[in-house]
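Everything on this sheet refers to the single structure shown next.
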Number of protein chains: 2
Amino acid sequence: MIHLSHSNADESVPAEGRASDVVVDQIQRQILSGTLENDSLLPSERDLMEQFSTSRTVIREAVATLASRGLLEARPRFRPVVRKPGYDTALNSVGSIVQLMLQQEGGIESLFASRVFVERGLVRDAAVSANREDISALKEALARNKNAIADSETFYETDMAFHGVLYGIPRNPIFPAIHIAYCSWLKPHWGQMLRSPERNEVNYASHVAIYTAILERDPDAAEEALATHLSTAWEYVRETFGAS
Amino acid sequence: MIHLSHSNADESVPAEGRASDVVVDQIQRQILSGTLENDSLLPSERDLMEQFSTSRTVIREAVATLASRGLLEARPRFRPVVRKPGYDTALNSVGSIVQLMLQQEGGIESLFASRVFVERGLVRDAAVSANREDISALKEALARNKNAIADSETFYETDMAFHGVLYGIPRNPIFPAIHIAYCSWLKPHWGQMLRSPERNEVNYASHVAIYTAILERDPDAAEEALATHLSTAWEYVRETFGAS
DNA sequence: ATCGCATCTTGGTTCTACCAAAATGTTCTC
DNA sequence: GAGAACATTTTGGTAGAACCAAGATGCGAT
């Protein structure tokens, strides 16, 4: 049973829940409807307190709730800024728990395995249904990747960008969000990997293999290329520092 | 009166964050370490306020934060109960935002498409690497599914259970959590579908097809069977009520 | 025009108080 | 003595005032 449903749009009298809930609901509505423009600053707590004719306690609680949902971005001493929700912010808001999960036994392995699973499916689909634009996007990303072999820092970025193109191919906004999430979650562990032009060369070659397989419309080859690519990269990460 | 006890330069904390953060951190630690037993009740706010020698405000704020992270389950007028985090609670805590996303144009389609994507990969892998136990689990789920054809309610459950077996095959704790999330998120929209023994019969036949393909170690057939299964079911849902 | 200081604003925190509902204890009844 | 009805205590939710410190602002001096 899921209890998180903001179930009722109660305009009627009965059993008031938390007072902050109605404030949350109102502000949420204002954000979604655009009354509160995206990237704009939320009114001061004292203003809101007057606007909703309630105490500051309630306002603060509501703001905290909305912030935890990702609809507001509240840095400690600053005015909260309005963030219209997207799939990325949704996944972002789980970040804190995910970080906990990752510290547990096998956490990183599980997450990485899920990523491999997803990308295997992505490259299969890409091999089947990538159109001209997708292909050229991959080609461009590949070119940038090649040019960055000497510079490990930008190579890392172009590496992610290349994989990011794959996430864009399904034309489903959820996938790019997942990609961003994977990158941000794995970065702390992945980023410690020793990088070198030699390693970059190897990874670039893997990308080429994936690209080629997609180009040749060979799902199995594409999947295979990606699987070996990621697993070897993962092995390299593992041996860089003992499994935590 | 200890006002500024740990206000600044306390320990390794670089910037003077919120006071509630240290409380959040402490309680979180206690939950993870088991000092606060799972399913037990959190001490009263006034106790905590004494324990951490701080005001009730920050305690409440900390509790709210932990609740939003899913480490506490806080019903309006009751004592919060401790919930040791799992992948399921992690996904659960995004539920509220996801519900918002789903109300936007194409939200449900996107989510459902992602589910199809995932399950296509699952059945492929199942066809390749399912072991005896997996097969027998599928067989059992299938049998229960068949027995429930007459009763649409339990058929729905056994239907989900069958798909759930697929999510268990990778032996990756993330996947069952994803399954639960999909079910709970899609339930409000999916549950409105008109169900009938005839429809159940069709769906059961699809399950058999998937099972058979897995049994025959035919990934392509399995994927195909699942894709058609879900897409026809989806079409049926769509025509039941116009796309929202 | 720019820098620097005084001031205002605003978020973070504490405190006190009150209310209502939950939890607990007590008594009364059968 | 068990269970129901009632009284009391706990406890979470809300209000409101006050204070502090850091950001934001404005103004005057250079």
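In the text below, chain A, chain B and the rest are named by the order of the sequence lines, each starting its count at 1.
- To the nearest angstrom, C1' of D:dT11 lies 15 Å from CD of B:Glu50.
- Atom CE of A:Met49 and atom C1' of C:dT10 are 13 Å apart (whole Å).
- Looking at heavy-atom distances under 4.0 Å, A:Thr57 makes contact with a base.
- Between A:Arg171 and A:Asp134 there is a salt bridge, since a side-chain N of the basic residue sits under 4.0 Å from a carboxylate O of the acidic one.
- If you take CG of B:Asp47 and C1' of D:dG12, they are 13 Å apart, rounded to a whole angstrom.
- Taking 4.0 angstrom as the limit, B:Thr54 places a side-chain polar atom (N or O) nearer than this to OP1 or OP2 of C:dT14.
- A straight line from CZ of B:Arg75 to P of C:dA23 spans 8 Å, rounded to a whole angstrom.
- Rounded to whole Å, the distance from CG on B:Leu41 to C1' on C:dA22 is 12 Å.
- Contacts of A:Arg79 with the nucleic acid, taken as non-hydrogen atoms under 4.0 Å apart, involve only primed sugar atoms and P, OP1 or OP2.
- Between B:Ser68 and A:Thr65, every side-chain heavy-atom pair lies at or beyond the 4.5 Å cut-off.
- A:Glu61 places its CD atom 17 Å from the P atom of C:dG11, with the value rounded to the nearest Å.
- Residue B:Ile59 contributes atom CD1, which lies 17 Å from atom C1' of C:dT16 at whole-angstrom precision.
- Between the base of D:dG12 and the side chain of B:Arg77 there is a donor-acceptor pair shorter than 3.5 Å.
- A salt bridge does not link B:Glu50 with B:Arg46: every distance from a Lys NZ or Arg NE/NH1/NH2 to an Asp or Glu carboxylate oxygen is 4.0 Å or more.
- By the 4.0 Å N-to-carboxylate-O rule, A:Glu157 lies too far from A:Arg144 to be salt-bridged with it.
- Out of D:dG12, D:dA15, C:dT13, the shortest distance to the side chain of A:Arg56 is found at C:dT13.
- Map A:Ser55 and A:Phe78 each onto its nearest nucleotide of DNA chain D; the residue landing nearer the 5' end is A:Ser55.
- In the set C:dG12, D:dA15, C:dA22, C:dG12 carries the atom at the smallest distance from any side-chain atom of A:Glu45.
- Looking at which nucleotide of DNA chain C each of B:Arg46 and B:Val58 is closest to, the 5′-most match is held by B:Val58.
- Rounded to a whole Å, the CG atom of A:Asp21 is 11 Å from the C1' atom of D:dG13.
- Set against C:dT10, D:dG23, D:dT14, the side chain of A:Ala19 has D:dT14 as its closest nucleotide.
- One finds no side-chain N or O of B:Arg60 lying less than 4.0 angstrom from the OP1 or OP2 phosphate oxygen of D:dG12.
- In this structure, the side chains of A:Leu91 and A:Tyr87 stay at 4.5 Å or more apart for every pair of heavy atoms.
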